[in-house]
Amino acid sequence: MSANELRQADKAHLWHPFTQMRDWCAAGHDPLVLVEGRGSWLVDTTGREYLDGNSSIWTNIHGHSHPHIVQAIQRQAAKLAHSSFLGLTNEPAIRLAEKLVALFPPGTLTRVFYSDDGSTAIEVALKMAVQFHQLTGQPGRARFAAFEHAYHGDSSGAASLGGIGAFNDRFASLSFPVTRVADLAELEALERPTVQSLAGIVIEPLMQGAGGMRIWPGGLLRDLRAWCDRNHVFLILDEVMTGFGRTGKMFACQQEDVIPDFLALAKGLSGGTMPLAATLTTERVFEAFLGDYAEMKTLFYGHSYCGNPLGCAAALASLEVFEAERTLENLEPKIGQMRVLLDELGRETHVGAVRQCGFMAGIDIVRADGSPYPWQEETGARICLAARRHGLLTRPIRDTLVLMPPLCFDSVQLAGAVGALRTAIREVCGEN
Ligand SMILES: *Cc1c(COP(=O)(O)O)cnc(C)c1O
């Protein structure tokens, strides 16, 4: 099929996520059809290359088509692409669980539950937390605390935790019981009965993503851990975005030496190649579910593709690349370089606050007087469209531009990406 035939067929039959489909299907809109990925680059039907400025919606870690990961998937596909994880098991899933657990101090996070997406990784943590409290004689603990501006996924349970009105208000009637807090002070101010009704508190550690790339104050995680311990509430960390090196360490929680009760991993787990998620938890949680079958302590939860061998083989290969290429060591200077480039970008008239956490950044676009543009003007989206013409792909959060490259970006690519953003900002907002 030609590129134009593909576009026509897409417009005739597809429904894209988070997309106003009238705009998408409009005659003047030519969707970009990607055909190939190589390292930091994506290639369209005309052979044009683009830097992948948001790691293909925050998933890619080592670059596209990394030979080691491709080979692992190919070998596994030729052997066993999928088998049920209900009552059966497979080697890649077993080996990956061992590796994931070994990334944490011995005896801390010891159990791995597989699913498919960030949303499901959170969903299962919620169900485990609620059932744990039922099994241990505290059935009243069935509510969750979550933060304003939080994003934990789009399935109903995960979405209940979300603090982004535009995504959630419409579905309030489908919501789990959630107490929303802005910060630690509000959490500490909760009434005793509310605290005693909490099964857990959920947070995106260090940086909130979809809510606008917002950075938490240093030390918050440690304070939350202490609050959770005092109040017998589970700490559930959503590292779907921050996991696998994005903050500069393998996991954000390691920046504050905090071990959660539940850890949700997805996006970068497979290196950004296959849908795969994992929810890690402790032996204490796991043991509460053990008993005679007739006691009904079993966790009745699962998905058809749990423990998918292809995804697990890809994830194992991705972890091997971290070691072979010393990915985290090599990232350190690049994080510094990103800081320098963003400092410069911050001097642009139409750039407001710039927030960087590790190798992730949010860049607020403002009017010349520093006030926000009306969101209806879609300034951020228009800048990203302009950046595409200058060889960079990324997607904004309203008027916050997101720069979250694969960890394999080199210094030339990083400078190229920031340069493309600068040019695009000037084109759309004017030079001054
Ligand atoms: C993307 C994201 C999710 C949801 O993951 P999906 O794979 O899209 O379901 C959850 N939490 C955070 C922090 C995310 O960035």
Side-chain angles (χ1 to χ4, degrees), residues 16-19 53-61 113-127 144-164 166-168 171 176 178 200-216 220-221 224 235-247 251-253 255 260 262-280 301 303-306 308 311 314-315 318 355 357-362 394-398 400 402-406:
H16 287 263
F18 285 94
T19 301
N54 75 344
S55 298
S56 294
I57 207 71
W58 314 355
T59 58
N60 195 283
I61 300 290
F113 190 97
Y114 290 118
S115 61
D116 318 310
D117 293 287
S119 308
T120 55
I122 290 291
E123 207 80 30
V124 67
L126 302 185
K127 292 201 174 173
F144 291 90
F147 288 90
E148 282 174 14
H149 309 293
Y151 180 77
H152 299 291
D154 290 331
S155 58
S156 293
S160 307
L161 304 167
I164 306 173
F167 299 173
N168 302 326
F171 304 114
F176 288 18
V178 170
I201 178 159
V202 188
I203 186 171
E204 294 152 87
L206 266 62
M207 186 185 234
Q208 290 183 320
M213 308 300 282
R214 295 161 185 267
I215 295 180
W216 289 116
L220 174 69
L221 273 191
L224 267 186
L235 178 60
I236 303 171
L237 292 189
D238 178 349
E239 293 231 29
V240 172
M241 175 184 78
T242 54
F244 302 98
R246 299 264 183 227
T247 69
F251 300 108
C253 62
Q255 303 272 12
F262 296 92
L263 180 72
L265 303 173
K267 290 193 171 107
L269 171 58
S270 66
T273 58
M274 307 282 300
L276 181 73
T279 305
L280 275 59
Y301 183 98
H303 296 281
S304 319
Y305 281 96
C306 277
N308 174 249
S318 173
R355 294 174 297 279
C357 174
F359 215 42
M360 308 178 282
T394 186
R395 190 182 162 85
I397 300 163
R398 287 213 169 154
T400 299
V402 175
L403 183 63
M404 196 188 301

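In listed order, ligands and their atoms are each counted from 1. All values derive from a computational prediction rather than experimental measurement.
Protein heavy atom at the shortest distance from atom 12 (C) of ligand 1 is Asp238 OD2, 3.4 Å.
Of the heavy atoms in Tyr151, both backbone and side-chain atoms come closer than 4.0 Å to ligand 1. The proximity of Ser119 to ligand 1, defined as any non-hydrogen pair under 4.0 Å, involves the side chain as well as the backbone. Contact annotation for Asp117 and ligand 1: heavy atoms of both the backbone and the side chain come within less than 4.0 Å of the ligand. In His152, the part holding a heavy atom less than 4.0 Å from any atom of ligand 1 is the backbone.
Protein non-hydrogen atoms do reach within 4.0 Å of atom 9 (O) of ligand 1.
The shortest side-chain heavy-atom distance between Gln208 and Tyr151 does not fall under the 4.5 Å cut-off. Looking at heavy atoms from C-beta onward, Leu237 lies in side-chain contact with Ile203 at the 4.5 angstrom threshold.
Atoms of ligand 1 lying under 4.0 Å from any heavy atom of Gly118, numbered from 1 in the order shown and given with element: 4 (C), 5 (O), 6 (P), 7 (O), 9 (O). For ligand 1, the atoms lying closer than 4.0 Å to a non-hydrogen atom of Gly153 are 4 (C), 10 (C). Counting atoms of ligand 1 from 1 in the listed order, those under 4.0 Å from a heavy atom of Trp58 are 15 (O).
The closest heavy-atom contact to atom 14 (C) of ligand 1, among the options Gln208, Lys267, Met241, Glu123, comes from Lys267.
Side-chain rings of Phe18 and His16 stay apart, their centers remaining 6.0 Å or farther from each other.
Checked by atom type and distance alone, the side chain of Ser56 never pairs as donor or acceptor with a backbone atom of Thr59 at under 3.5 Å. For Glu204 (side chain) and Met241 (main-chain N/O), no donor-acceptor pair under 3.5 Å exists by modelled atom type.
For the residue pair Glu239 / Thr242, a side-chain donor-acceptor distance below 3.5 Å is found, with atom types taken as modelled.
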**Report entry** Verdict with reasoning, His303 to Tyr301, per ring-ring contact (aromatic ring centres under 6.0 Å, His included)
**Finding:** CA-CA 7 Å; His303 296 281; Tyr301 183 98; 5.1 Å; yes
